[in-house]
Novice: 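First the structure, then my questions, so here it is.
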Amino acid sequence: PCAGPVESKNEAAMSELVPETRQKPVVPMKPMGINANLLGYIGIDTIIEQMRKKTMKTGFDFNIMVVGQSGLGKSTLVNTLFKSQVSRKSSGWNREEKIPKTVEIKAIGHVIEEGGVKMKLTVIDTPGFGDQINNENCWEPIEKYINEQYEKFLKEEVNIARKKRIPDTRVHCCLYFISPTGHSLRPLDLEFMKHLSKVVNIIPVIAKADTMTLEEKTEFKQRVRKELEVNGIEFYPQKEFDEDLEDKTENDKIRQESMPFAVVGSDKEYQVNGKRVLGRKTPWGIIEVENLTHCEFALLRDFVIRTHLQDLKEVTHNIHYETYRAKRLNDNGGLPPMTVETEENHESNL
Amino acid sequence: QNDGYRSVCLSGHVGFDTLPDQLVIKSIKQGFCFNILCIGETGSGKSTLINSLFNISFDDSISSHFHPNVRLKAQTYELQESNVCLKLTVVSTVGFGDQLNKEDSYQPIVDYIDAQFEAYLQEELKIKRSLFSYRDTRIHVCLYIISPTGHSLKTLDLLTMKSLDSKVNIIPIIGKADSISKTELQKFKNNLIAELVSNGVQIYQFPTDDEAVSQINTIMNGHLPFAVVGSTEEVKIGNKMVKARQYPWGIVQVENENHCDFVKLREMLICTNMEDLREQTHRCHYELYRSCRLQEMGFRDIDPENKPVSLQEAYEAKRREFYLGLQRKEEEMRQKFVQKVKEKEAVLKEAEQQVQAKFEHLTLMRKEEKLKLEKKRKALEDEITQFNAKKASAELLQRQANLSTPASLKKEKDRK
């Protein structure tokens, strides 16, 4: 009963606004379209600097989830991505590889800083995924967790007295690890991505790519892309959210050529050609993680962190969250009322 | 301070320091918007000030002093500087301060500001909403132009500013400041500030929490209200054309900081604090409006038993109430309809009965008529029979008479 339609009137320019009573919203006027030839410098473009300063002061939140069977190198990859020990395994946890009986969701938060930019990074691990004998519906706890974060945000947003900055625990990016079988995707992979690509940004990666030759890699990637397309799985960056031609060309190239990224992770450094590089040492050579001829880790890193980080957050907020909210508020249909688990699953390292 | 998050050191360059740039690129693509409200008496220099600030031509016509009430006039401009696109909307009062009775002068302004908040709130409350592409019309700053009397604030000024200070960022400005001398000006400014403070009017303070700008902002805060002079005409000074006003006794240069505070205003308003003005509008003024409005609509965060109420439950409750109300109305209307049908039926039945009665009456009458006529006919027939009988007997008599007379016999013989 509170939401009424905003009437759109197109009034001529220079319109005199009759102040309306409170109940009817007064609508913006049609712009005159004057591109005023600026005779002197005004200083409008300083707003960019003002905005930049403000955002650096407040800092950023980023929440990344890793999903994949045990042993695919998820923790190592995340540590490599953020050049620090941010994954669950490294944060002083039990190094015993006890595979849990069900899928667990474990979130670890860290604060990292670079170039004056502060980031609250949360890595969400999903141990137990795909490791059981019967893996039917093993994505459900994950979907539940993701929806719970949307629910938390919605509850805050909908308060009368709200916080100035609502804490954002929503999952911005989900890296899905594909086993480098060299053949095709597994039914589990398809099922997971089918279900979750509608609620979160999924970025598929081919894990432990150092087990494939270049030709095998290219073929495998082609097959995977084909299978994803055939099954109607829209991974990030989704075609329907390309904002303009520029975006589309850039993203098309990534979607059709680079993804899924075939990655290798490592947090150990070796000396190669006089430089210290991250790599994996094998009897037959050193695999340089950040070398584009060896693997596509650098592409993944640039994509997720250096160019599309903000976009990942915006798609999560403007599209996935809004979809959740609309379903939730619409006659309670589509989603059952849920209880939100607050601090239980979110662990921090003190 | 980090709410339980551990600080971790990076062992190499990750690259998320490009985040502010990523954000900036997106914002540039989207474009910016800025909405200014300019309040001042007719002839106080509003249009000229806006034109001078943004090098545009806002309403060059001379306004009349005879408007019956205060109205607002708005215009939107698309300005571009390097790669920044700004949609600037300027809203100005028309007829402010001209009426004999100014009790309600501030009301249209308050209503306009509230209406913009309301529009945003309605969008925010929608189920399917598009906030990121919403054309924000909320007023980000209010330039309040004070007349350069040299003494103090007018009552109208106090009244208006008091009614607006919790809804919008107010920057008080002394207009047409070239009519005040330097010594008078400082005294005037001090008086104004003292009056604002003693009446509890909250004017916008340039933010001093960010070290980069806190020094300049603090200094500027001390110069409020800005004494400005506007002009769109240019005068040649030395070998440059500058915006100025030419008098017989000298030239007042708009952009000369010794002459007036125009440059300070432009610096503060645009170059340093535009983003903060927008943020304050959204985070403080709008939130205040929203929470008041939601409470007005009957929503609460805590219900009577001090348990948190979810807005969704409140929505549900309201929706149920609304539907029940609708159902009741429907029921009422149905009852009314049934009633009306009954009444009409009764009326029709009565009419039917009447018609029936009439019919029977007429039938009766016809019967009687028929009987009467039958009688008459019988009587007539009887007469005819009688007459025939008489005629027959008369003829018979005549024949008998003819037979017995010789004349008649002779006539018969002759005839034979």
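Each chain gets a letter, A, B and so on, in the order its sequence line appears, and its residues count up from 1. A quick note: this is a predicted structure, and the numbers were derived from the prediction, not measured.
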Novice: Using non-hydrogen atoms and a 4.5 Å limit, figure out which bit of R129(B) sits close to chain A: side chain, backbone, both or neither.
Specialist: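 For R129(B), heavy atoms of backbone and side chain both lie under 4.5 Å from chain A.
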Novice: With a 4.5 angstrom heavy-atom cut-off, which part of K243(B) approaches chain A: side chain, backbone, both or neither?
Specialist: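 Contact with chain A: none, neither part.
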Novice: By a 4.5 Å heavy-atom criterion (distance strictly below it), what part of L53(B) contacts chain A: side chain, backbone, both, or neither?
Specialist: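 It is the backbone, since no side chain atom gets that close.
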Novice: Which heavy atom of I270(B) sits nearest to which heavy atom of Q50(A), and what is that distance?
Specialist: O-NE2, 2.8 Å
Novice: Less than 4.5 Å to any heavy atom of chain B: does that hold for the side chain of R306(A), its backbone, both, or neither?
Specialist: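 Backbone plus side chain of R306(A), per the 4.5 Å heavy-atom cut-off to chain B.
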Novice: Are K164(A) and E287(B) close enough that some pair of their side-chain heavy atoms sits under 4.5 Å apart?
Specialist: no
Novice: Side chain, backbone, both or neither: which part of V213(B) has a heavy atom under 4.5 Å from chain A?
Specialist: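 It is the side chain, since no backbone atom gets that close.
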Novice: H308(A) versus chain B, heavy atoms under 4.5 Å apart: side chain, backbone, both or neither?
Specialist: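 Looking at H308(A), just its backbone touches chain B.
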Novice: Please classify the contact of N35(B) with chain A as side chain, backbone, both or neither, using a heavy-atom distance under 4.5 Å.
Specialist: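 For N35(B), no heavy atom lies under 4.5 Å from chain A.
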Novice: What verdict does the side-chain contact (heavy atoms from CB on, under 4.5 Å) test give for V14(B) and I305(A), after you've listed the backbone C-alpha separation in whole Å, the side-chain angles of each residue and the deciding distance to 0.1 Å?
Specialist: CA-CA 8 Å; V14(B) 175; I305(A) 299 179; 3.5 Å; yes
Novice: Between E269(A), K54(A), M56(A), E49(A), which shows the greatest number of heavy-atom pairs under 4.5 Å with chain B?
Specialist: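 Heavy-atom pairs under 4.5 Å are most numerous for K54(A).
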Novice: At a heavy-atom separation under 4.5 Å, does T307(A) approach chain B through its side chain, its backbone, both, or neither?
Specialist: backbone
Novice: At a 4.5 Å cut-off on heavy atoms, which part of S130(B) comes close to chain A: side chain, backbone, both, or neither?
Specialist: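 Contact with chain A: none, neither part.
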Novice: Heavy-atom distance under 4.5 Å between the side chains of Q80(B) and I44(A), does that happen here?
Specialist: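 A side-chain contact is absent here, since even the closest heavy-atom pair is not under 4.5 Å.
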Novice: Would the distance check show the side chain of R52(A) and the main-chain N or O of D21(B) forming a donor-acceptor pair, the cut-off being under 3.5 Å?
Specialist: no
Novice: Would you mind checking which part of K57(A) comes under 4.5 Å of any heavy atom in chain B, side chain (CB onward), backbone (N, CA, C, O), both or neither?
Specialist: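 Contact with chain B: side chain only.
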Novice: Given heavy-atom pairs under 4.5 angstrom as the criterion, report whether the side chain, backbone, both or neither of E113(A) touches chain B.
Specialist: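 The backbone, not the side chain.
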Novice: Report the residues that fulfil side chain to side chain donor-acceptor pair (under 3.5 Å) with K53(A), sequence neighbours left out, ordered by chain and then residue number.
Specialist: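 Partners of K53(A) by the side chain to side chain donor-acceptor pair (under 3.5 Å) criterion come out as none, since no residue qualifies.
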Novice: Strictly distance-based, threshold 3.5 Å: is any side-chain N or O of E114(A) a donor or acceptor partner for the main-chain N or O of H13(B)?
Specialist: no
Novice: What residues form a side chain to side chain donor-acceptor pair (under 3.5 Å) with N318(A), not counting sequence neighbours?
Specialist: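 Counting only residues at least two positions away or on another chain, N318(A) forms no side chain to side chain donor-acceptor pair (under 3.5 Å).
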Novice: Just so I understand: if I count every heavy-atom pair under 4.5 Å between each of L23(B), V24(B), L86(B) and chain A, which residue has the most?
Specialist: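 It is L23(B).
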Novice: With the side chain counted from C-beta on, respond yes when I112(A) and F16(B) share a heavy-atom pair under 4.5 Å apart, and no when they do not.
Specialist: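 A side-chain contact exists here, since the closest heavy-atom pair is under 4.5 Å.
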Novice: Taking side chain as everything from C-beta outward and backbone as N, CA, C, O, which of these in S291(B) sits under 4.5 Å from a heavy atom of chain A? Side chain, backbone, both or neither.
Specialist: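 The answer is both parts of S291(B).
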Novice: Out of curiosity, D17(B) CG to M119(A) CE, how far, rounded to the nearest 0.5 Å?
Specialist: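 Separation between the atoms: 10.0 Å.
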Novice: Atom CD in Q22(B), atom OG1 in T55(A): separation rounded to 0.5 Å?
Specialist: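 These two atoms lie 11.0 Å from each other.
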Novice: Measuring from D311(A):CG to I25(B):CD1, what's the distance to the nearest 0.5 Å?
Specialist: 11.0 Å
Novice: Which pair of heavy atoms, one from I47(A) and one from F32(B), lies closest together, and at what distance?
Specialist: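 Distance-wise, the nearest heavy atoms are CD1-CD2, 3.7 Å.
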Novice: So which of E279(B), R278(B), R266(B), K128(B) has the biggest tally of heavy-atom pairs under 4.5 Å with chain A?
Specialist: E279(B)
Novice: Restricting to non-hydrogen atoms, name the atom on S84(A) and the atom on C9(B) that form the minimum distance, rounded to 0.1 Å.
Specialist: CB-O, 3.3 Å
